[in-house]
Amino acid sequence: MRDSFMQEHGTNRPSDLIIFGGTGDLAMRMLFPSLYFLDSDGHLADDVRIIGAARSDLDRDGFLKTVHERLKSHIAADYYDEAQWQRFAKRIDYCPVDAVEGTGFDALAKAVRLDEGGELVCYFSTAPRFYGDICTHLEANGLAGKNTRVVLEKPIGHDLESCRAVNDAVGAVFTEDRIYRIDHYLGKETVQNLLALRFANSLFEPLWNANGIEQVQITISETVGVEGRWSYYNDSGALRDMLQNHMLQLLCLVAMEPPSTLDADAVRDEKLKVLRSLRPITKQENTLKSVAGQYTEGAVGGTAVPGYLDEAQQESRTETFVALRADIDNWRWRGVPFYLRTGKRLPYRYSEIFIQFKGVPHSIFPEESNLTLDSNKLVIRLQPEENIKLCVMNKVPGLGRDGMKLQEVSLDLSMTKEARTRRRRIAYERLLLDVLNANSTLFVRRDETEAAWAWVDGISKGWRDLDLKPKPYSAGTWGPAASVALTERYGHSWHD
Ligand code: NAD
């Protein structure tokens with residue numbers, strides 16, 4: 001079956017996938033459910049095996065019991081099938097390891113089938129401080145040859161210097177083409193649809209520049225607080241946890257030049273050019289172009305919630321909200337603001353890319369037609385639902401005594417009816433499948449992460465140099481008032 005599968009798909013399938021941190025939250029909530037669905041949809045070759053590797057002293061049965069319980073609690077009952085689970089479970093094994101001491105790696109070496117010509121994917125779902133040690137032990141145990149690929153979870157460091165240290169440690173063992181840095185936003189169906197919209201249609205490209213676009217906004221809004229991970233979050237904050245990676249990756253896909261092909265390096269070269277064209281936010285401009293906020297007690301969805309500082313009874317300057325204006329210094333985007341905003345304990349949960357086109361240069365319609373002639377907008381929703389809408393002006397149907405009336409209507413450009421009724425895929429499914437197929441187009445290259453950190457470090461340095469405390473905002477509101485002022489300063493307002 002493996003041979004026929006490989007012939008059919010024309011790829012080398014890995015024999016073994018080791019998930020370091022296999023007992024952790026990410027593995028249980030995202031990775032095992034994704035693999036279960038990939039398996040049930042027939043995307044895993046018969047002899048792909050999955051080995052959980054973590055510090056817990058479990059045997060295979062104990063590990064399987066946990067995976068089974070967590071899987072059932074994380075996927076909708078409609079999609080769970082006992083027979084499918086039994087088939088999937090046969091692939092799973094467990095090996096206790098200690099990434100620091102190196103114990104258990106010899107057992108891993110015996111379990112995998114590299115010497116049978118198989119391939120090995122090692123998914124690092126542990127804290128990044130272990131990545132270097134894991135690589136060293138993989139190498140020492142003969143598991144870091146040319147048939148091994150490694151997947152790195154975010155965060156890759158907390159600033160440029162620590163990012164380089166992680167990249168150096170992994171790069172000392174693995175060449176860059178075998179390192180897959182995950183940004184799960186790139187696995188979302190709508191994000192890939194953005195590529196299709198831009199590069200499979202000729203309609204938008206003539207307008208996709210400073211002549212046609214007035215402003216771009218990217219928002220990732222969460223209603224949750226820090227969910228019991230106060231000290232983890234407190235070491236990062238909104239700028240490092242969300243903006244440096246997910247939001248800048250989305251900005252790159254909106255702003256990049258058309259790549260010559262969909263090959264990994266062609267796409268990543270174009271994203272890198274965008275990151276390198278981001279105008280540094282200087283200390284002088286820092287308070288005009290960026291806002292850091294921290295939530296205080298309030299109410300979200302009608303429920304009272306404590307403030308960020310109350311949750312840990314500790315002082316902290318970590319921001320739980322950030323809004324900023326980014327400028328891209330190149331011909332295409334000169335003068336177009338890219339507003340980025342993300343925060344916790346905001347009124348509702350959504351992620352969106354909002355693109356506002358320039359208005360018509362002159363209106364032929366009388367004022368009574370419509371109070372404001374709204375400019376066209378492209379609204380790309382990533383969550384909670386995934387869709388793409390194009391807002392255009394249209395005539396109100398019918399005969400009116402007062403002449404022609406106008407209204408804004410939105411055209412749904414997203415998915416076919418059939419796609420809408422299908423199960424919504426977990427973003428990790430796409431990415432796991434791609435790494436199994438050795439396709440790195442949707443993964444982040446070293447130079448991208450470092451360019452992103454270099455830009456973000458300039459902003460946090462500005463906050464430190466100016467001795468700025470994050471501005472308070474009540475939980476359940478759209479962040480500090482200064483965030484509203486930020487866009488209004490340039491004649492725009494947030495698309496809430
Ligand atoms: P977690 O704390 O739930 O799990 C950590 C895992 O690492 C456990 O399996 C633990 O046994 C293992 N581990 C700890 N010390 C070890 C050691 N010395 N040797 C071997 N294994 C060891 O963490 P998580 O939430 O699953 O996050 C894992 C990684 O994924 C982190 O880098 C995190 O930043 C990233 N991440 C997590 C999420 C999420 O939703 N949880 C989202 C994005 C990124």
Side-chain angles (χ1 to χ4, degrees), residues 17-35 50-59 62-63 66-67 70-71 73-74 92-108 122-138 140-141 143 150-158 162-163 165-167 169-170 179-188 220 222 224-238 240-247 249 342 344 349 351 383 426-428 431-432 435 443-444 449:
L17 167 63
I18 302 177
I19 302 181
F20 289 96
T23 57
D25 176 69
L26 182 73
M28 292 296 169
R29 255 181 343 104
M30 296 290 170
L31 305 183
F32 279 105
S34 298
L35 289 162
I50 303 156
I51 306 173
R55 220 166 31 166
S56 310
D57 190 18
L58 292 169
D59 59 12
F63 182 63
T66 312
V67 176
R70 296 288 301 273
L71 187 85
S73 71
H74 288 307
I92 302 177
D93 207 341
Y94 181 76
C95 184
V97 296
D98 190 306
V100 180
E101 304 295 328
T103 51
F105 283 76
D106 50 347
L108 279 179
C122 295
Y123 197 119
F124 296 178
S125 181
T126 65
R129 67 178 181 282
F130 297 127
Y131 294 175
D133 284 339
I134 296 175
C135 289
T136 308
H137 299 308
L138 286 173
N141 287 276
L143 294 172
V150 290
V151 186
L152 311 189
E153 257 302 335
K154 72 152 202 181
I156 315 280
H158 55 269
S162 53
C163 171
V166 174
N167 283 331
V170 178
I179 303 172
Y180 290 64
R181 293 176 194 78
I182 282 243
D183 188 314
H184 73 271
Y185 270 67
L186 299 185
K188 288 179 184 285
I220 301 181
E222 298 181 287
V224 293
V226 288
E227 304 294 284
R229 294 163 72 97
W230 199 92
S231 53
Y232 162 79
Y233 189 82
N234 200 49
D235 286 340
S236 65
R240 293 173 167 143
D241 191 46
M242 299 297 276
L243 197 138
Q244 184 273 342
N245 37 63
H246 307 317
M247 301 188 86
Q249 282 294 320
T342 183
K344 291 193 174 290
R349 170 177 172 259
S351 303
Q383 59 191 25
I426 306 169
Y428 283 88
L431 299 172
L432 280 162
V435 70
F443 293 82
V444 184
T449 51

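Ligands are counted one by one from 1 in listed order, and the atoms in each one are counted from 1 as well.
Using 4.0 Å as the threshold, R29 has a heavy atom nearer than that to some atom of ligand 1. Put simply, part of Y131 is less than 4.0 Å from ligand 1, judged by heavy atoms.
Close N/O approach between S56 and ligand 1 is not found [any backbone or side-chain N/O within under 3.5 Å].
The closest side-chain heavy-atom distance from D241 to Y233 is below 4.5 Å. No side-chain heavy atom of D235 sits less than 4.5 Å from a side-chain heavy atom of H158.
Each of Y428, F63, Y123 was compared with F32 under the ring pair (Phe, Tyr, Trp, His ring centres under 6.0 Å) criterion, and only F63 meets it.
Put simply, atom 18 (N) of ligand 1 has protein non-hydrogen atoms near it, under 4.0 Å away.
Of all protein heavy atoms, the one lying nearest to atom 15 (N) of ligand 1 is F130 CE1, 3.4 Å. Protein heavy atom at the shortest distance from atom 6 (C) of ligand 1 is G21 CA, 3.6 Å. The protein heavy atom nearest to atom 23 (O) of ligand 1 is D25 N, 4.5 Å. Among all protein heavy atoms, the one lying closest to atom 44 (C) of ligand 1 is E153 OE1, 3.2 Å. Nearest non-hydrogen protein atom to atom 10 (C) of ligand 1 is T23 OG1, 4.0 Å. Atom 25 (O) of ligand 1 has R229 NH1, 3.4 Å as its closest protein atom, hydrogens excluded (heavy atom only). Protein heavy atom closest to atom 33 (C) of ligand 1, with residue, atom name and distance, is K154 O, 3.7 Å. Shortest contact from atom 4 (O) of ligand 1 to any protein heavy atom: G24 CA, 3.3 Å.
Under 4.0 angstrom from ligand 1, there are no non-hydrogen atoms of F124. Under 4.0 angstrom from ligand 1, there are no non-hydrogen atoms of F20.
Residue T126 holds the heavy atom nearest to atom 29 (C) of ligand 1 of all those in V100, L26, T126. Looking at A54, P128, S125 and measuring to atom 5 (C) of ligand 1, the nearest heavy atom belongs to S125. Between atom 11 (O) of ligand 1 and the options R55, H246, M30, H137, the minimum heavy-atom separation is to R55.
Note that the CG atom of L243 and the OG1 atom of T342 stand 7.5 Å from one another [nearest 0.5 Å]. Separating the CD1 atom in I51 from the CG atom in L17 is a distance of 8.5 Å, to the nearest 0.5 Å. Put simply, CD on Q244 and NZ on K154 are 9.0 Å apart, with the number rounded to the nearest 0.5 Å. With rounding to the nearest 0.5 Å, the separation of OG1 in T136 from CZ in F130 is 13.0 Å.
Each of the following atoms of ligand 1 lies closer than 4.0 Å to a heavy atom of V97: 19 (N), 20 (C). Using a 4.0 Å cut-off to heavy atoms of P155, the atoms of ligand 1 that qualify are 34 (O). Listed by atom number, the atoms of ligand 1 under 4.0 Å from Y232 heavy atoms are 34 (O).
Nearest heavy atom pair, residue I220 against residue S351, reads CG2-OG, 3.6 Å. Scanning all heavy atoms of the two residues, the minimum distance from I156 to L152 falls at CD1-CB, 3.8 Å.
Looking at R349 and E222, no side-chain N of the basic residue comes within less than 4.0 Å of a carboxylate O on the acidic one, giving no salt bridge.
Y180 and F124 have their aromatic ring centers separated by at least 6.0 angstrom.
Looking at D183 and H246, their side chains do bring a donor and an acceptor atom within 3.5 Å of each other.
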